[in-house]
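Chain A is the first sequence line, chain B the second, and so forth, proteins listed ahead of strands; every chain is numbered from 1.
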2 protein chains.
Amino acid sequence: MTRASSRRPGPPTRTERGIPEATVARLPVYLRALTALSDGGIATASSEDLATAAGVNSAKLRKDLSYLGSYGTRGVGYDVEYLRYQIAREIGVTQDWAVVIVGIGNLGHALANYSGFGTRGFRIVALLDADPNLVGERIGDMEVRDFAELEAIVEADRVSIGVITTPAGPAQEVCDRLVAAGVTSILNFAPVVLSVPDGVDIRKVDLSIELQILAYHEQRKSGEAALPQVPELPAMNGLTDLPSVGGGVGA
Amino acid sequence: MTRASSRRPGPPTRTERGIPEATVARLPVYLRALTALSDGGIATASSEDLATAAGVNSAKLRKDLSYLGSYGTRGVGYDVEYLRYQIAREIGVTQDWAVVIVGIGNLGHALANYSGFGTRGFRIVALLDADPNLVGERIGDMEVRDFAELEAIVEADRVSIGVITTPAGPAQEVCDRLVAAGVTSILNFAPVVLSVPDGVDIRKVDLSIELQILAYHEQRKSGEAALPQVPELPAMNGLTDLPSVGGGVGA
DNA sequence: AGGAGCTTGTGAACGTGAGAACAAAATCGG
DNA sequence: CCGATTTTGTTCTCACGTTCACAAGCTCCT
């Protein structure tokens with residue numbers, strides 16, 4: 001992450017185009033809320049209205065928006081269409097991004113069928129799988145193509161975003177191929193930690209991790225003070241007689 | 001969020017069972033890394049090894065683990081099986097959690113087929129949908145049941161976790177029904193902000209938001225200094241003649 | 001038995017994010 | 001034209017999260 005080239009200890013130097021990551025993650029939420037308001041025929045909204053629609057605190061919302069510029073009007077609020085366009089432009093969804101999906105199993109299928117692909121701004125240009133039995137299958141108006149065609153497709157369609165929906169096993173190899181082909185942003189649904197070179201962004205969506213986080217809190221609710229205090233395994237103190245493996249993972 | 005009842009300004013009072021949220025979110029990752037090491041026949045691993053496998057900094061990993069207790073051995077490392085059990089217990093996946101999935105469209109289908117449901121610890125007890133055409137369909141070894149049966153199922157199977165895979169429209173209503181039926185943790189895949197009463201935990205997984213975050217960074221990479229500086233909409237300064245709608249969203 | 005060599009657990013420094021509070025700007029009514 | 005009212009943009013403070021750096025503790029070798 002090489003951002004903000006020259007940063008002297010002076011003032012934070014706003015407008016250095018340094019939008020905090022936490023804010024970036026919320027902009028899409030605001031965008032969706034604005035779209036909903038717009039569809040509902042609302043032309044103007046206050047930060048309070050927007051915050052409610054987006055499920056956040058209004059002070060936070062105002063601060064987030066202030067990173068983009070001064071797009072509101074004091075005493076009035078924000079023009080919904082105008083703000084929507086500004087956020088869309090800032091995120092980059094005013095242009096179209098070409099996307100490939102690799103791994104057409106259950107989840108890949110589901111994503112391929114995902115009509116509209118959420119908000120506009122993204123265009124699925126290819127569904128890829130290495131399994132010959134799948135290649136050629138039609139899904140919606142697309143056809144599953146051979147993973148071997150990846151490089152040609154990425155180059156031809158200027159693909160910069162790849163979605164990995166393979167099982168854990170082949171995910172890293174698929175990732176490497178995507179990166180080598182020129183993809184610089186990856187959305188990973190496979191339950192593994194992928195390693196990518198600098199300059200490539202990666203985000204992970206993991207169902208079972210989300211469930212486990214819920215389970216943790218759920219356990220707190222039901223048990224609370226009635227937790228079995230440290231029910232350690234029978235006799236694990238005898239760590240003494242371990243072959244000094246010294247780790248077999250990292251180098 | 002009523003956690004940590006009495007917190008005086010003294011020392012942080014560790015072992016008050018207050019594990020930071022950021023740490024909780026990483027525990028499942030460590031759990032998976034440990035399982036992988038265990039399957040690979042590794043019996044002991046250092047924080048460095050684990051950190052590499054989990055894709056984090058080793059200092060962070062050690063601090064995270066320290067919230068659970070002192071489960072390592074200085075000069076040696078961590079016993080993989082032992083640590084795995086301790087984390088599993090802390091998260092709560094040593095017991096089984098009953099889960100219902102509501103909305104059996106593309107995504108619901110995919111999740112229903114998701115073999116093993118990631119790590120063990122979760123058991124899908126019902127697939128629900130309100131569409132009569134879907135009710136009765138078999139998916140794997142389960143059958144889609146009518147959403148109307150929700151309350152009976154939740155009570156009979158002690159369901160505490162609900163997964164919403166409906167379209168945006170009905171999601172809030174489904175959510176309300178789940179909560180009313182007694183579900184206290186919800187994983188939401190629908191692209192809306194759900195509101196729930198206190199005491200109910202909710203997590204959101206949103207494909208298009210993830211893509212938009214990637215797009216933002218992608219735009220920075222390609223354009224960098226060559227961004228079209230504020231191409232404002234034609235003439236949006238004329239905000240003056242707006243009907244003072246005053247917001248039509250929150251109350 | 002004692003010292004050398006590792007690795008954990010944690011205190012402290014630093015950076016980022018959240019929220020309260022308020023000054024600045026814009027509208028509206030008289 | 002002026003004051004009251006509304007709502008933004010921003011400043012300040014506090015809490016949270018990350019990283020460094022090192023003492024404490026364990027093992028192994030001589």
Would you mind telling me which of [options] lies closest to the side-chain atoms of [X]?
X	options	result
B:Val76	C:dG19, D:dT27, D:dT8	D:dT27
B:Arg74	C:dT27, D:dT8, C:dT7	C:dT7
A:Arg26	C:dT10, C:dA18, D:dT18	C:dA18
A:Glu21	D:dG17, C:dG17, D:dT18	C:dG17
B:Arg62	D:dT18, C:dG19, D:dC22	D:dC22
A:Asn57	C:dG19, C:dT10, D:dT8	C:dG19
A:Ser46	D:dT8, D:dC20, D:dG17	D:dT8
B:Ser66	D:dT19, D:dT8, C:dT10	C:dT10

Exercise for review: Using a strict cut-off of less than 4.0 Å between a Lys/Arg side-chain nitrogen and an Asp/Glu carboxylate oxygen, indicate whether B:Lys221 and A:Asp201 qualify as a salt bridge.
Suggested key: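 Salt bridge between B:Lys221 and A:Asp201, a charged N being under 4.0 Å from a carboxylate O: yes.
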
Please report the distance, rounded to the nearest Å, between [atom1] in [X] and [atom2] in [N].
X	N	atom1	atom2	result
A:Tyr67	D:dT8	OH	P	17 Å
B:Glu48	C:dC6	CD	P	14 Å
B:Asp49	C:dC6	CG	C1'	13 Å

Check your understanding: Does A:Lys63 make a side-chain donor-acceptor contact with the base of C:dG19, cut-off 3.5 Å?
Key ->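 When only heavy-atom distances are counted, A:Lys63 does reach the base of C:dG19 through a donor-acceptor pair under 3.5 Å.
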
Check your understanding: Do you see a donor-acceptor pair shorter than 3.5 Å between the side chains of B:Arg89 and B:Thr94?
Key ->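 Absent: no donor and acceptor within the cut-off.
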
Check your understanding: For B:Ser185 and B:Arg203, does a side-chain donor sit closer than 3.5 Å to a side-chain acceptor?
Key ->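 Note: B:Ser185 and B:Arg203 side chains miss the donor-acceptor criterion.
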
Review point. For the side chain of A:Ser70 and the backbone of A:Ser66, is there at least one donor-acceptor N/O pair under 3.5 Å apart?
Key: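 Answer holds: no.
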
**Study point:** Whichever of B:Ser70 and A:Asp64 has its nearest DNA chain C nucleotide further upstream toward 5'
**Key:**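 The residue whose closest nucleotide sits nearer the 5' end is B:Ser70.
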
